[in-house]
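Below is one structure, written out as C-alpha coordinates, with a few remarks after it.
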Amino acid sequence: MAEVTLTFGTRRHTVACPDGQEDHLRRLGAMLAANYPTAEKASGGLSGERTMLFVALMLADSLDEAKRRPAAAPAVSHDEVLLGLIAEQLEMLAERLEQ
(Lines give C-alpha, C1' and ligand atoms only; values in the text may rest on other atoms or scores of the structure.)
Protein backbone atom coordinates (compact mmCIF):
# COMPACT_ATOMS: atom_id res chain seq x y z
CA MET A 1 0.00 0.00 0.00
CA ALA A 2 1.40 3.36 -1.04
CA GLU A 3 0.92 6.71 0.68
CA VAL A 4 0.45 10.13 -0.87
CA THR A 5 0.49 13.44 0.98
CA LEU A 6 -2.00 16.02 -0.28
CA THR A 7 -2.00 19.65 0.79
CA PHE A 8 -5.04 21.92 0.90
CA GLY A 9 -4.48 25.40 2.26
CA THR A 10 -2.13 24.92 5.18
CA ARG A 11 -3.22 21.37 5.99
CA ARG A 12 -1.42 18.24 4.89
CA HIS A 13 -3.25 14.92 4.59
CA THR A 14 -1.52 11.57 4.10
CA VAL A 15 -3.73 9.11 2.26
CA ALA A 16 -3.12 5.42 1.58
CA CYS A 17 -3.82 4.04 -1.88
CA PRO A 18 -3.11 0.88 -3.86
CA ASP A 19 0.37 0.69 -5.37
CA GLY A 20 0.41 2.30 -8.80
CA GLN A 21 -2.47 4.68 -8.03
CA GLU A 22 -0.31 7.46 -6.60
CA ASP A 23 -0.40 9.68 -9.71
CA HIS A 24 -4.16 9.33 -9.99
CA LEU A 25 -4.58 10.32 -6.35
CA ARG A 26 -2.25 13.30 -6.85
CA ARG A 27 -4.35 14.46 -9.84
CA LEU A 28 -7.50 14.25 -7.73
CA GLY A 29 -5.74 16.12 -4.94
CA ALA A 30 -4.71 18.81 -7.41
CA MET A 31 -8.37 19.27 -8.35
CA LEU A 32 -9.25 19.77 -4.71
CA ALA A 33 -6.33 22.12 -4.13
CA ALA A 34 -7.26 24.20 -7.19
CA ASN A 35 -10.75 24.80 -5.76
CA TYR A 36 -9.61 25.34 -2.17
CA PRO A 37 -8.85 29.11 -2.34
CA THR A 38 -12.27 29.94 -3.81
CA ALA A 39 -14.00 27.65 -1.31
CA GLU A 40 -12.04 29.20 1.55
CA LYS A 41 -13.28 32.66 0.57
CA ALA A 42 -16.85 31.39 0.19
CA SER A 43 -16.76 29.71 3.61
CA GLY A 44 -15.43 32.83 5.27
CA GLY A 45 -12.37 30.91 6.42
CA LEU A 46 -14.34 29.64 9.42
CA SER A 47 -12.90 26.12 9.41
CA GLY A 48 -11.03 23.69 7.20
CA GLU A 49 -13.96 21.27 7.37
CA ARG A 50 -16.41 23.93 6.13
CA THR A 51 -13.97 24.90 3.37
CA MET A 52 -13.68 21.27 2.26
CA LEU A 53 -17.49 21.06 2.27
CA PHE A 54 -17.53 24.00 -0.16
CA VAL A 55 -14.85 22.31 -2.29
CA ALA A 56 -17.00 19.17 -2.40
CA LEU A 57 -20.08 21.19 -3.36
CA MET A 58 -18.18 23.01 -6.12
CA LEU A 59 -16.92 19.72 -7.59
CA ALA A 60 -20.35 18.09 -7.24
CA ASP A 61 -21.86 21.06 -9.10
CA SER A 62 -19.32 20.65 -11.91
CA LEU A 63 -20.06 16.93 -12.10
CA ASP A 64 -23.81 17.59 -12.17
CA GLU A 65 -23.39 20.09 -15.02
CA ALA A 66 -21.28 17.61 -16.97
CA LYS A 67 -23.90 14.87 -16.51
CA ARG A 68 -26.71 17.19 -17.65
CA ARG A 69 -24.81 18.38 -20.72
CA PRO A 70 -25.99 16.49 -23.78
CA ALA A 71 -23.46 14.07 -25.16
CA ALA A 72 -21.62 15.38 -28.18
CA ALA A 73 -22.52 13.72 -31.43
CA PRO A 74 -19.87 11.24 -32.45
CA ALA A 75 -17.46 12.68 -34.95
CA VAL A 76 -18.05 11.43 -38.47
CA SER A 77 -15.05 11.24 -40.73
CA HIS A 78 -15.00 12.60 -44.26
CA ASP A 79 -14.61 9.04 -45.56
CA GLU A 80 -17.73 7.90 -43.69
CA VAL A 81 -19.75 10.73 -45.23
CA LEU A 82 -18.51 9.81 -48.70
CA LEU A 83 -19.27 6.13 -48.16
CA GLY A 84 -22.79 7.07 -47.04
CA LEU A 85 -23.35 9.15 -50.17
CA ILE A 86 -22.02 6.38 -52.40
CA ALA A 87 -24.29 3.84 -50.66
CA GLU A 88 -27.32 6.09 -51.27
CA GLN A 89 -26.43 6.44 -54.94
CA LEU A 90 -26.01 2.66 -55.32
CA GLU A 91 -29.38 2.06 -53.68
CA MET A 92 -31.05 4.54 -56.06
CA LEU A 93 -29.41 2.81 -59.05
CA ALA A 94 -30.52 -0.59 -57.80
CA GLU A 95 -34.11 0.65 -57.51
CA ARG A 96 -34.02 2.04 -61.05
CA LEU A 97 -32.67 -1.23 -62.42
CA GLU A 98 -35.41 -3.19 -60.67
CA GLN A 99 -38.07 -1.02 -62.36
Side-chain angles (χ1 to χ4, degrees):
M1 205 50 128
E3 288 189 347
V4 175
T5 301
L6 307 173
T7 304
F8 313 111
T10 60
R11 292 180 159 189
R12 295 171 57 90
H13 304 273
T14 301
V15 181
C17 66
D19 291 332
Q21 294 296 311
E22 299 90 343
D23 287 340
H24 179 65
L25 188 56
R26 285 186 191 100
R27 279 192 304 276
L28 296 176
M31 291 171 62
L32 296 172
N35 285 283
Y36 195 88
T38 303
E40 190 172 37
K41 289 177 187 172
S43 71
L46 296 175
S47 71
E49 290 78 18
R50 187 157 177 84
T51 299
M52 288 305 291
L53 170 63
F54 275 74
V55 168
L57 290 171
M58 291 165 62
L59 292 174
D61 184 53
S62 295
L63 178 60
D64 182 60
E65 284 180 28
K67 284 183 176 180
R68 291 175 183 261
R69 195 173 306 128
V76 179
S77 73
H78 181 64
D79 291 341
E80 290 174 314
V81 172
L82 289 176
L83 287 174
L85 292 172
I86 292 169
E88 287 176 19
Q89 292 294 320
L90 289 173
E91 286 175 17
M92 287 188 333
L93 285 173
E95 286 176 18
R96 285 183 189 161
L97 289 173
E98 287 176 4
Q99 295 174 355

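All of these numbers come straight from a predicted model, not from anything done at the bench.
Shortest non-hydrogen contact noted between A16 and M1 is CB-CG, 4.1 Å. When all heavy atoms of R26 and L6 are compared, the closest pair comes out as CA-CD2, 4.3 Å.
Contact of the T14 side chain with the V4 side chain is not registered, since no non-hydrogen atoms from C-beta on lie closer than 4.5 Å. The closest side-chain heavy-atom distance from K67 to R69 is not below 4.5 Å. Residues L46 and R50 form a side-chain contact, since some pair of their non-hydrogen atoms from C-beta on lies under 4.5 Å apart. Contact check for T7 versus R11: no side-chain heavy atoms found under the 4.5 Å cut-off.
Qualifying ring pair (Phe, Tyr, Trp, His ring centres under 6.0 Å) partners for H24, counting only residues two or more places apart in sequence or in other chains: none.
The side-chain hydrogen bond (donor to acceptor under 3.5 Å, both in side chains) contacts involving residues 36-45 comprise S43-T51, where partners must be two or more places apart or lie in separate chains.
F8 and M31 end up in the same hydrophobic cluster when Ile, Leu, Val, Met, Phe, Trp and Tyr side chains are linked at under 4.5 Å. Under the 4.5 Å side-chain heavy-atom criterion for ILVMFWY residues, a single connected hydrophobic cluster contains both M52 and L59.
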- Message: Using side-chain contact (heavy atoms from CB on, under 4.5 Å), reason through L28 and L32 one step at a time and then give a plain yes or no.
- Response: CA-CA 7 Å; L28 296 176; L32 296 172; 5.8 Å; no
- Task: Report the C-alpha separation of E22 and C17 in whole Å, then their side-chain angles, then the decisive distance to 0.1 Å, and conclude whether the side-chain contact (heavy atoms from CB on, under 4.5 Å) test is met.
- Result: CA-CA 7 Å; E22 299 90 343; C17 66; 4.1 Å; yes
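Using modelled atom types, no side-chain atom of N35 and backbone atom of V55 make a donor-acceptor pair closer than 3.5 Å.
Between R27 and D23 there is no salt bridge, since none of the side-chain N atoms of the basic residue sits less than 4.0 Å from a carboxylate O of the acidic one.
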